[in-house]
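Predicted, not measured: the structure shown is a model, and the values here were computed from it.
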Amino acid sequence: MEQEPVSRNFIEQIIDRDIADGDCEEVCTRFPPEPNGYLHIGHAKSILLNYGLAEEYHGKFNLRFDDTNPTKEKEEFVDSILADVAWLGADWEDRLYYASDYFEQMYEAAIKLIKKGKAYVCDLTADEIREYRGTLTEPGRESPYRDRSVEENLELFENMKNGVYADGEKVLRAKIDMASPNMNMRDPVIYRVAHMSHHRTGDTWCIYPMYDFAHPLEDAFEGVTHSICTLEFEDHRPLYDWVVREVEFVHPPKQIEFAKLYLTNVVTGKRYIKKLVEEGIVDGWDDPRLVTIAALKRRGFTPSSIRTFVDLCGVSKRDSSVEYPMLEYCIREDLKMSAPRVMAILDPIKLVLDNYPADQTEELPADNNPENPEMGTRQLPFSREVWIEREDFMIEPPKKYRRLYPGNEVRLMYAYFVTCTGYETDEDGNVTVVHATYDPESRGGDSPDGRKVRGTIHWVDCRNAVQASAHLYENIIDEEQGVYNEDGSLNLNPNSLTVIDSCYIEPSLRDAKAYDRFQFVRNGYFCVDAKDTTLDHLVFNRIVSLKSSYKLPAQT
């Protein structure tokens, strides 16, 4: 029987050709984050793509921090990135690198370019360099310092390294082509003076390489074969290739660009997230309303759900946006067979079964997940008073209302048929207690006489309930108004977080741990919050509601 051909994305096709042509013996990819913020869902695509390619071709995957800008980098960001990449399942083994590991080698590469007449020290200010660069329709002008001798450039660059000059006083520029139609090739700056302490090298250096110079060198030093990056670097590829060629690497890496992952109506920009954090609008980079990887983890998303999401998005050369409900679809699919299905009451009122023995408590069997019998059963305590959801009782119900109201009979899930006989209210007319009688012959939720009830409601035994808190989330962006206001600020949703401090959960959850996930019957999928939960009080984050009208787009 012939196997159907497997569809290959354009990156795999390029790698296949490189291997067939003998240009690549062992595939090596990398994920090169800058430690200037937390990673977000878009980075997850890059991580999983690069790691997946290394796995597919039995090659190597490196994790490397592009830490060439000490003004924005922190150890906090390094630690968070390490945790995120590991959580997603991308194993860099012993290949953890830093751009700062190569500062000496980069310096020597710059010396080599100077000696070849391919780089020069320039005294123009940043504004002057910008002015000299020209426009998209007009060529740039050559710097008056462009023709300095090799000897003079070597001396000036050495002085830059030794701290002789102030920040911005001099830069080292590549000597390429000021008339190039590609602005990136118009003598770009490759080193600048920055008297800043680096989080790893301290005050050893006061000059730092620019990203477009450092990045291709890092790839080349590590033996990366395919430098997979996003589309905004496509115009930088000629400079990438120029650097590795002029520094004379025998096996230069190949840069390949793919489309970024954009989610509709979400905030991914580090600048905006940083502002939300600093202004206290969110409680950190891992606030569950964000789509940083740390936030998705804290909210309750699983690595496998994110991998599924990235796979469904695919790899292309064209930018496009994906709806957030597609990510929610992936976590629902992941949890529906694996998450225990438990009972929790988020907006409680008390139901008293007046004919149930006051001093009796019994144990009732309940399925841990009706869709997955292999998960077995548990015992639920049941007694005369139980908590039910406030919305499950109405004094004057509308048509087709199937829950409790005076005279109506419903099923308490896994327990008994009960009939509402009355209710109590406070001085404002709010219902505080519902009264009912139970049918002892209907234990387990079935009646021996075959009568049917139209409604089933969940409950939690008052005597054994565990009090907890729940956090319910909406998009932090007001979707009807769009992401940004006219002034460029974020259009925030004031109702993005609802905190419920007095909900009740069944006692089987008493010992739940951080990141444990459950389906709360009728209320959604929830996860134990790793930040706000204490030894004495559980806090649950709603990951996602139970149902959505979202449907996967047709696959072509």
**Study point:** Carboxylate-amine/guanidinium proximity below 4.0 Å for Asp23 and Arg17
**Key:** no

Practice item. May I ask you to decide whether Glu55 forms a salt bridge with Lys60, counting only side-chain N to carboxylate O separations under 4.0 Å? Key: no

Check your understanding: Can you list the residues that meet the salt bridge (charged side-chain N to carboxylate O under 4.0 Å, His left out) rule with Asp334, with sequence neighbours excluded?
Key -> none

**Study point:** Which residues share a side chain to side chain donor-acceptor pair (under 3.5 Å) with Arg517, sequence neighbours left out
**Key:** none

Review point. Is Pro32 close to His215 at the side-chain level, that is, under 4.5 Å between some pair of heavy atoms?
Key: yes

Point to revise | Parallel, tilted or perpendicular: ring planes of Tyr98 versus Phe65, cut at 30 and 60 degrees | key: parallel

Exercise for review: Using the test salt bridge (charged side-chain N to carboxylate O under 4.0 Å, His left out), find all partners of Arg133 that sit at least two apart in sequence or belong to another chain.
Suggested key: none

Check your understanding: Does Asp286 come within less than 4.0 Å of Lys297, counting only side-chain N to carboxylate O?
Key -> no

Review point. Under the salt bridge (charged side-chain N to carboxylate O under 4.0 Å, His left out) rule, what pairs show up with a residue in residues 72-87, not counting sequence neighbours?
Key: none

Check your understanding: Once the angle between the rings of Tyr38 and Trp285 is folded into 0 to 90°, is it parallel (under 30°), tilted (30 to 60°) or perpendicular (over 60°)?
Key -> parallel

**Study point:** Arg141 bridged to Glu128 by N-O distance under 4.0 Å
**Key:** no

Practice item. Take the angle between the ring planes of Tyr107 and Phe157 and call it parallel below 30°, perpendicular above 60°, tilted in between. Key: parallel

Point to revise | SB check Asp287 Arg289 (cutoff 4.0 Å) | key: yes

Review point. Who passes salt bridge (charged side-chain N to carboxylate O under 4.0 Å, His left out) against Glu108, sequence neighbours left out?
Key: none

Check your understanding: Taking atom types as modelled and ignoring hydrogens, do the side chains of Glu26 and Tyr57 form a donor-acceptor contact shorter than 3.5 angstrom?
Key -> no

Review point. Run the side-chain hydrogen bond (donor to acceptor under 3.5 Å, both in side chains) check on Asn493 and Glu474 step by step: do they pass?
Key: CA-CA 8 Å; Asn493 173 12; Glu474 295 180 11; 3.1 Å; yes

Exercise for review: Any chance you could measure Leu535, atom CG, to Leu538, atom CG, to the nearest 0.5 Å?
Suggested key: 10.0 Å

Point to revise | Distance-only donor-acceptor check, side chains Asn159 and Tyr165, under 3.5 Å | key: yes

Practice item. Search all heavy atoms of Pro209 against all heavy atoms of Met106 and return the closest pair with its distance. Key: CG-SD, 3.5 Å

Practice item. Would you please name every residue forming a salt bridge (charged side-chain N to carboxylate O under 4.0 Å, His left out) with Lys260, sequence neighbours left out? Key: Glu232

**Study point:** Nearest heavy atoms of Arg298 and Asn541, plus distance in Å
**Key:** O-ND2, 3.2 Å

**Study point:** Closest contact, heavy atoms only, Ile293 versus Ile47
**Key:** CD1-CD1, 4.2 Å

